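These numbers were taken from a predicted model, which means no experiment stands behind them. Values below: every heavy atom of this structure, side chains too, minus hydrogens, waters and symmetry copies.
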Amino acid sequence: MEILRVSSEQYAGQFERFAPHIYNTVAFSEHNRKKSESLHYLVFSDSSPRLGLIAGEKNGELQSPFSAPFGGFTSRGSQSIDRLIDAVRLLSDYAKRLGLRARVTLPPPLYAPTFIAHQAAALSLAASKVTIDTNHHRPLDFDEGCAQTVFRSKGRNSLNIALRNNLSFHLLDSSDPEQIRRAYEIIRRNHAELNHPLRMTSEDVVATAPITGSRFMTVAENGTDIAAAMINATTPEVAQVIYWGDTSDGRGLHPMNFLAASLMDHCHRSGIRILDIGPSSENGIPAAGLCRFKESIGCIASTKISFIL
């Protein structure tokens with residue numbers, strides 16, 4: 001097997017239709033090109049192209065992803081574990097020749113259990129450091145309008161408090177920049193109040209939304225927004241929460257439980273099979289309160305693993 005650096009057009013022709021999620025597409029990578037020093041479209045081939053990887057050169061590393069929650073390899077059909085081991089070895093050698101490290105963060109297993117397990121096994125053989133983060137998701141395997149039935153007792157109790165208040169769920173027009181900014185403002189306030197970093201500006205969100213099939217929603221009390229969410233269509237059957245949060249002045253009404261139930265029901269009606277709630281840790285350190293909340297609304301924990309080669 002050999003590794004080849006190709007053009008974005010060549011890579012798209014060989015791998016775009018096989019991308020396991022939106023973040024492994026050329027369209028998404030080119031949109032975010034300015035967030036890396038250089039993009040590397042890599043093809044791993046023997047008698048034909050087998051595997052592909054998009055990596056951004058950034059901070060002395062080849063990063064997959066360089067501007068997304070996760071990346072990893074793209075496969076043309078099913079590939080054996082030994083091909084993945086060869087590909088990882090070639091990636092490590094390629095980065096070393098450039099004087100760089102390689103960093104790969106895999107999706108949580110819900111996206112492709114066997115392929116992700118094989119990638120993890122191959123990457124672990126060459127890794128100098130492995131970081132395991134906690135991710136949460138919820139299969140939308142309930143009857144229509146019954147998301148609350150998967151909540152645990154504490155989550156249901158908080159939801160019942162929310163339902164006794166005059167809260168309303170609003171699905172916004174994702175093609176309208178002003179509607180997007182309406183949701184973003186609640187997220188911005190939430191992150192500022194909790195002293196959490198917010199990596200995307202409102203203009204970043206507006207520009208990226210058409211590429212990632214983003215949807216936006218708010219929860220309001222008597223017409224005033226007190227919680228909001230942004231989700232991406234990571235695959236045709238999986239939606240991922242990118243941002244969600246409430247404001248301090250509405251937190252006593254438990255709008256996040258109401259938002260979670262409403263969001264799950266909306267996604268279920270839309271034909272989405274799984275809601276990926278996203279990571280509940282950073283750099284391997286779990287956020288205990290976040291884990292408790294997500295599990296109270298019926299979410300399942302899994303791992304999201306990062307490797308440095």
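Within the 3.5 Å criterion, the main-chain N or O of Tyr23 finds a donor-acceptor partner in the side chain of His21. With hydrogens and angles ignored, the 3.5 Å screen pairs no side-chain donor or acceptor of Asn257 with any backbone N or O of Arg156. Counting only distance, with no hydrogens or angles, the side chain of Thr303 and the backbone of Ile305 share no donor-acceptor pair below 3.5 Å. At least one donor-acceptor pair closer than 3.5 Å links the side chain of Asp176 to the backbone N or O of Glu178. Side chain of Ser158 to backbone of Gly155: no donor-acceptor contact under 3.5 angstrom is found. Side-chain atoms of Ser174 come within 3.5 Å of backbone N or O of Ser214 as a donor-acceptor pair. Panel note: side chain Ser281, backbone Thr134; a donor-acceptor pair is recorded below 3.5 Å. In this structure a side-chain-to-backbone donor-acceptor pair under 3.5 Å is present from Ser124 to Ala121. Although no hydrogens or angles enter the test, the distance criterion places a donor-acceptor pair under 3.5 Å between the side chain of Glu16 and the main chain of Ala27. Under a 3.5 Å cut-off, the side chain of Arg152 and the backbone N or O of Gly298 do not form any donor-acceptor pair.
Using a 4.5 Å heavy-atom cutoff, the side chains of Glu144 and Arg269 are in contact. Side-chain contact between Met217 and Phe169 is present, with heavy atoms from C-beta onward closer than 4.5 Å. Counting heavy atoms from C-beta on, the side chains of Leu39 and Glu30 come closer than 4.5 Å. Using a 4.5 Å cut-off on side-chain heavy atoms (C-beta onward), Phe216 and Arg182 make no contact. Looking only at side-chain heavy atoms (C-beta outward), Cys299 and Phe293 stay at 4.5 Å or farther from each other. The closest side-chain heavy-atom distance from Leu275 to His137 is not below 4.5 Å. By the 4.5 Å heavy-atom criterion applied to side chains, Ile85 and Leu125 are counted as neighbours. Here the side chains of Thr105 and Pro65 are in contact, with some heavy-atom distance below 4.5 Å.
Salt bridge Arg181/Glu203: present, at least one basic N to carboxylate O contact under 4.0 Å. Salt-bridge check for Asp246 with Arg251: passed, with a basic side-chain N closer than 4.0 Å to an acidic carboxylate O. Ion pairing between a basic and an acidic side chain is recognised when a charged N comes within 4.0 Å of a carboxylate O; Arg50 and Asp46 show such pairing. We find that Glu61 and Lys96 are not joined by a salt bridge, their nearest charged nitrogen and carboxylate oxygen being 4.0 Å or further apart.
In terms of heavy atoms, Asn135 sits closest to Pro279 at OD1-N, 3.2 Å. Looking at every heavy atom in both residues, Phe307 comes nearest to Leu106 through CE1-CD1, 3.7 Å. The minimum heavy-atom distance between Pro107 and Ile116, with the atom names listed, is O-CG2, 3.6 Å. The nearest pair of heavy atoms linking Pro210 to Ala207 is CD-O, 3.4 Å. Nearest heavy-atom pair, Ala220 versus Asp225, reported as atom, atom and distance to 0.1 Å: CB-OD1, 3.7 Å. When all heavy atoms of Asn232 and Thr212 are compared, the closest pair comes out as OD1-OG1, 3.4 Å.
Sparse packing is recorded around CZ of Arg292, with 12 or fewer heavy atoms of other residues, nucleotides or ligands lying under 6.0 Å away.
Between Tyr41 and Tyr11, the two ring planes are tilted [angle within 30° to 60°]. Using bins of under 30°, 30° to 60° and over 60° for the plane-to-plane angle, the ring pair Tyr111/Phe70 lands in the tilted bin. By the 30° and 60° cut-offs, the orientation of the rings of His196 relative to His191 is perpendicular.
The distance from atom CD1 of Ile81 to atom CZ of Phe115, rounded to the nearest 0.5 Å, is 9.5 Å. Here the CG atom belonging to Asn24 is positioned 11.5 Å from the OG1 atom belonging to Thr234, to the nearest 0.5 angstrom. The CG atom of Leu110 lies 9.0 Å from the CD atom of Gln240; values are rounded to the nearest 0.5 Å. If you take CG on Asp86 and CD on Glu2, they are separated by 12.5 Å, rounding to the nearest 0.5 Å. To the nearest 0.5 Å, atoms CG (Asp133) and OG (Ser280) are separated by 9.5 Å. Distance check, rounded to the nearest 0.5 Å: OG of Ser75 to NE2 of His118 gives 11.0 Å.
Val43 and Leu53 fall into different hydrophobic clusters, where Ile, Leu, Val, Met, Phe, Trp and Tyr residues are linked whenever their side-chain heavy atoms come under 4.5 Å apart, directly or through other members. Under a hydrophobic-cluster definition in which Ile, Leu, Val, Met, Phe, Trp and Tyr are linked whenever side-chain heavy atoms come within less than 4.5 Å, directly or via other members, Leu98 and Leu91 are assigned to the same cluster. The hydrophobic clustering, which links ILVMFWY residues whose side-chain heavy atoms are closer than 4.5 Å, places Leu167 and Met264 together. Ile132 and Ile277 fall into different hydrophobic clusters, where Ile, Leu, Val, Met, Phe, Trp and Tyr residues are linked whenever their side-chain heavy atoms come under 4.5 Å apart, directly or through other members. Cluster annotation: Trp244 and Val238 are assigned to distinct hydrophobic clusters (Ile/Leu/Val/Met/Phe/Trp/Tyr, side-chain heavy-atom contacts under 4.5 Å, transitive).
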- Check the pair Arg101 / Leu309 against side chain to side chain contact (heavy atoms under 4.5 Å, CB included), numbers first and verdict last. CA-CA 6 Å; Arg101 300 191 302 179; Leu309 311 183; over 6 Å; no
- Task: Walk me through it: do Gln10 and Ser7 pass the test side chain to side chain donor-acceptor pair (under 3.5 Å)?
- Result: CA-CA 5 Å; Gln10 289 172 308; Ser7 69; 3.3 Å; yes
- Task: Could you walk me through whether Ile161 and Asn165 pass the side chain to side chain contact (heavy atoms under 4.5 Å, CB included) test, one step at a time?
- Result: CA-CA 7 Å; Ile161 294 172; Asn165 292 288; 4.0 Å; yes
- Output, in order, the C-alpha distance, side-chain angles, deciding distance and verdict of salt bridge (charged side-chain N to carboxylate O under 4.0 Å, His left out) for Arg103 and Glu57. CA-CA 10 Å; Arg103 179 188 296 267; Glu57 195 171 327; over 6 Å; no
- Query: Would Asn190 and Tyr243 satisfy side chain to side chain contact (heavy atoms under 4.5 Å, CB included), going step by step from the backbone distance to the final call?
  - Reply: CA-CA 10 Å; Asn190 169 267; Tyr243 292 128; over 6 Å; no
- Walk me through it: do His170 and Val219 pass the test side chain to side chain contact (heavy atoms under 4.5 Å, CB included)? CA-CA 6 Å; His170 301 273; Val219 168; over 6 Å; no
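Inspection of the Asp265 and Ser262 side chains reveals no N or O donor paired with an N or O acceptor under 3.5 Å. For the residue pair Arg215 / Ser270, a side-chain donor-acceptor distance below 3.5 Å is found, with atom types taken as modelled. Using modelled atom types and a 3.5 Å distance limit, the side chains of Lys154 and Asn157 yield no donor-acceptor pair.
Ring centroid separation for the pair Phe44 and Phe73 comes in under the 6.0 Å cut-off.
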